[in-house]
Peer 1: 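So that we are looking at the same thing, I have put the structure below in structure tokens.
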Amino acid sequence: MPRRYDCTDLTDRAHGLREATAAVRRGDLVVLPTDTVYGVGADAFNRKAVGDLLEAKGRGRNMPSPVLVGSPNTLHGLVTGLNERAWELVDAFWPGALTLVARHQPSLTWDLGETRGTVAVRMPLHPIALELLKEFGPMAVSSANLTGHPSPQTCDAAMDMLGDSVAVYLDGGPTADNVPSSIVDITGPVPVLLRAGAVSAEELRKVVPDLETAH
């Protein structure tokens, strides 16, 4: 049976974060609130756990999981080839609703799906998510919904869809919005907006005026 913790209660929150950290270390899945929607997370470096995450969502390997981090400094160990524009985007919008697609370090032994050598990485602006990420480390986290269903804004909605496939649910109350993060590809010389979301193209261009939009 999954365990659910009310993170609006300080005692339950502390207990829940300990249990969630232990669950991820065991290779289990956890549901956590983020600044966009609820996410389902796993150890990014545990191949089976990431496979379980994709299976729980009914998602194929052709749709690899993004990775959430608790600090911009974590990027140094995960990705390579970040140019000045990329760091300007990090400085301006992290933590927040901006996902960056970058080349991952070739030495990494993770398997997030068919990534073609890239990883989508974000630092969320949510205290519960950040605390878990800082305690555990980088996590593969995708929206906590069945593929094709709306992304959940409440723990109840996530639980209704994912049920017993998740070991620990961290209930932080309704998320502020259901607008997904914006996604910018920074693998080339010019940043490219792949998905418009919570951070508008206009806001992004204030930092990187040469931003292009994918067609």
Peer 1: What pairs of residues pass the salt bridge (charged side-chain N to carboxylate O under 4.0 Å, His left out) test when at least one of them lies in residues 136-157, not counting sequence neighbours?
Peer 2: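 Listed once each, the pairs are Arg4-Asp156.
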Peer 1: Going by side chain to side chain donor-acceptor pair (under 3.5 Å), name the pairs with one or both residues in residues 80-92, residues two or more places apart or in two chains.
Peer 2: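 Every pair satisfying side chain to side chain donor-acceptor pair (under 3.5 Å) with a residue in residues 80-92: Arg85-Asp210.
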Peer 1: Between Thr213 and Arg205, which heavy-atom pair has the shortest distance, and what is it?
Peer 2: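 So the two residues come closest at OG1-NH2, 3.4 Å.
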Peer 1: Which residue pairs pass the salt bridge (charged side-chain N to carboxylate O under 4.0 Å, His left out) test with at least one member in residues 139-155, sequence neighbours excluded?
Peer 2: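 Pairs touching residues 139-155 that pass the test: none.
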Peer 1: Who else is in Ile183's hydrophobic cluster (ILVMFWY, side-chain heavy atoms under 4.5 Å, direct or via others)?
Peer 2: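 Grouped by the 4.5 Å side-chain rule, Val101, Val192, Leu194 form the rest of the cluster around Ile183.
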Peer 1: Working to the nearest 0.5 angstrom, can you tell me the gap between Asp6 CG and His15 NE2?
Peer 2: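 Answer rounded to 0.5 Å: 13.5 Å.
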Peer 1: Please give me the minimum heavy-atom distance between Pro152 and Ala144, naming the atom from each residue.
Peer 2: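 Smallest heavy-atom distance, with atoms named: CG-O, 3.2 Å.
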Peer 1: side-chain contact (heavy atoms from CB on, under 4.5 Å) for Arg122 and Asp35? Distances and angles first, verdict last.
Peer 2: CA-CA 11 Å; Arg122 182 167 87 88; Asp35 50 339; 2.9 Å; yes
Peer 1: Just wondering, do Leu112 and His104 contact through their side chains at under 4.5 Å, heavy atoms?
Peer 2: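 The answer is no; the side chains never approach within 4.5 Å.
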Peer 1: Can you list the residues that meet the side chain to side chain donor-acceptor pair (under 3.5 Å) rule with Ser182, with sequence neighbours excluded?
Peer 2: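 Checked Ser182 against side chain to side chain donor-acceptor pair (under 3.5 Å); zero matches.
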Peer 1: Passes side-chain contact (heavy atoms from CB on, under 4.5 Å), Lys57 versus Val40? Steps please.
Peer 2: CA-CA 9 Å; Lys57 286 176 56 72; Val40 56; 4.1 Å; yes
Peer 1: Could you measure the distance from the CG atom of Asp160 to the OG1 atom of Thr154? Nearest 0.5 Å is fine.
Peer 2: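 Answer for the CG-OG1 pair, Asp160 versus Thr154, is 7.5 Å.
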Peer 1: Determine whether a donor-acceptor pair (N or O, by modelled atom type, separation under 3.5 Å) exists between the side chain of Arg103 and the backbone of Gly117.
Peer 2: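 A pair under 3.5 Å: no.
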Peer 1: With sequence neighbours excluded, give me every ring pair (Phe, Tyr, Trp, His ring centres under 6.0 Å) pair touching residues 32-68.
Peer 2: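 Ring pair (Phe, Tyr, Trp, His ring centres under 6.0 Å) check on residues 32-68 returns Phe45-Trp110.
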Peer 1: Can you tell me how far OG1 of Thr74 sits from NZ of Lys134, rounded to the nearest 0.5 angstrom?
Peer 2: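 Atom-to-atom, Lys134:NZ and Thr74:OG1 are 9.5 Å apart.
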Peer 1: Rounded at 0.5 Å granularity, tell me how far CD in Glu19 sits from CZ in Arg26.
Peer 2: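 Those atoms lie 7.0 Å apart.
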Peer 1: Among pairs that include at least one residue of residues 42-51, which meet side chain to side chain donor-acceptor pair (under 3.5 Å), considering only residues two or more places apart or in two chains?
Peer 2: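 Output for this query lists Arg47-Asp111, Lys48-Asp52.
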Peer 1: Short question: side chain of Arg3, backbone of Ala167 - any donor-acceptor pair under 3.5 Å?
Peer 2: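 Here the side-chain-to-backbone pair does not exist.
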Peer 1: With the side chain counted from C-beta on, respond yes when Val184 and Leu98 share a heavy-atom pair under 4.5 Å apart, and no when they do not.
Peer 2: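 Answer yes - side chains close enough.
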Peer 1: Do the side chains of Leu17 and Leu170 get nearer than 4.5 Å, heavy atoms only?
Peer 2: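 In short, these two side chains touch, coming nearer than 4.5 Å.
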Peer 1: Considering all heavy atoms of both residues, which atom of Met161 and which atom of Pro150 are nearest to each other, and what is their separation?
Peer 2: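 Closest approach of Met161 to Pro150: CE-O, 3.6 Å.
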Peer 1: Going by side chain to side chain contact (heavy atoms under 4.5 Å, CB included), name the residues that satisfy it together with Glu203, two or more places apart in sequence or in a different chain.
Peer 2: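 Partners of Glu203 under the side chain to side chain contact (heavy atoms under 4.5 Å, CB included) test: Phe93, Val199, Ser200.
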Peer 1: Looking only at heavy atoms, which two atoms of Val121 and Trp94 are closest? And how far apart?
Peer 2: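 Scanning both residues, the minimum pair turns out to be O-CZ2, 3.4 Å.
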Peer 1: OH of Tyr169 to SG of Cys7: how many Å apart, nearest 0.5 Å?
Peer 2: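 One finds 14.0 Å between OH of Tyr169 and SG of Cys7.
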Peer 1: List the atom pairs, with distances to 0.1 Å, where a side-chain N or O of residues 125-133 and a protein N or O form a donor-acceptor pair under 3.5 Å, not counting sequence neighbours.
Peer 2:
from	atom 1	to	atom 2	distance (Å)
His126	ND1	Ile128	N	3.2
Glu131	OE1	Arg13	NH2	3.1

Peer 1: If I compare all heavy atoms of Ala140 with all of Val50, which pair ends up nearest, and what's the gap?
Peer 2: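 What the structure gives for the nearest pair is CB-CG2, 4.1 Å.
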Peer 1: Measuring from Glu55:CD to Arg61:CZ, what's the distance to the nearest 0.5 Å?
Peer 2: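 The distance works out to 13.0 Å.
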Peer 1: Answer yes or no: is there a side-chain heavy-atom contact under 4.5 Å between Val79 and Val119?
Peer 2: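 SC-SC contact between Val79 and Val119 confirmed.
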Peer 1: How would you list, by chain and number, every residue that makes a side chain to side chain contact (heavy atoms under 4.5 Å, CB included) with Ser151, sequence neighbours excluded?
Peer 2: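 For Ser151 the side chain to side chain contact (heavy atoms under 4.5 Å, CB included) partners, ignoring immediate neighbours, are Val37, Ser143, Asn145.
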Peer 1: Given side chains that start at C-beta, do those of Arg195 and Ser181 come closer than 4.5 Å, heavy atoms only?
Peer 2: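 Yes, side chains in contact.
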Peer 1: Please lay out, stage by stage, how Leu89 and Leu204 fare under the test side-chain contact (heavy atoms from CB on, under 4.5 Å).
Peer 2: CA-CA 8 Å; Leu89 287 169; Leu204 291 165; 3.9 Å; yes
Peer 1: By side chain to side chain contact (heavy atoms under 4.5 Å, CB included), which residues pair with Val179, not counting sequence neighbours?
Peer 2: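 Asp177, Ala198.
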Peer 1: Among all residues two or more places apart in sequence or in another chain, which pass the side chain to side chain contact (heavy atoms under 4.5 Å, CB included) test with Val141?
Peer 2: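 Result, side chain to side chain contact (heavy atoms under 4.5 Å, CB included) vs Val141: Leu32, Leu68, Met139.
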Peer 1: Can you name the closest pair of heavy atoms from Val31 and Ala158 and give their distance?
Peer 2: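 The answer is CG1-CB, 4.1 Å.
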